[in-house]
Amino acid sequence: MKKFLGEVVAEMKKVSWSTKKELVNYTIVVGIAVAVVCALIWVCDTFFARLFHIILK
């Protein structure tokens, strides 16, 4: 177990961590992408709901 933890620590030192600025930028990009996809799903859902309402009327 001690060997495993030592190897984990060694590997974690090799990881290139994002800076705070990069993290904030990526978070904003993901937030915008989620909002766009949600809006697209909402528009499609509204369109098809109205279409089916007209067809089934």
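The structure presented is a predicted model; accordingly, all values stated were derived computationally and were not measured.
Screening Ile41, Leu40, Thr46 for a side chain to side chain contact (heavy atoms under 4.5 Å, CB included) with Cys44, the sole residue that qualifies is Leu40. Checking each of Val24, Asn25, Leu23 against Lys21 for a side chain to side chain contact (heavy atoms under 4.5 Å, CB included) leaves exactly one that passes, namely Asn25.
Side-chain contact between Glu22 and Trp17: absent, with no pair of heavy atoms (C-beta onward) separated by less than 4.5 Å.
Hydrophobic clustering of Ile, Leu, Val, Met, Phe, Trp and Tyr side chains at less than 4.5 Å, counting indirect connections, keeps Tyr26 apart from Val34. There is a path of hydrophobic side-chain contacts, each under 4.5 Å, that joins Phe48 to Ile55. With hydrophobic clusters built from ILVMFWY side chains whose heavy atoms lie under 4.5 angstrom apart, Val36 shares a cluster with Ile28. Linking ILVMFWY side-chain heavy atoms closer than 4.5 Å, directly or via other members, places Val8 and Val15 in a single hydrophobic cluster. A continuous path of Ile, Leu, Val, Met, Phe, Trp and Tyr side chains, each step under 4.5 Å between heavy atoms, connects Phe47 with Phe52, placing both in one hydrophobic cluster.
Here the CD-CG distance, from Glu7 to Leu5, works out to 9.5 Å after rounding to the nearest 0.5 Å.
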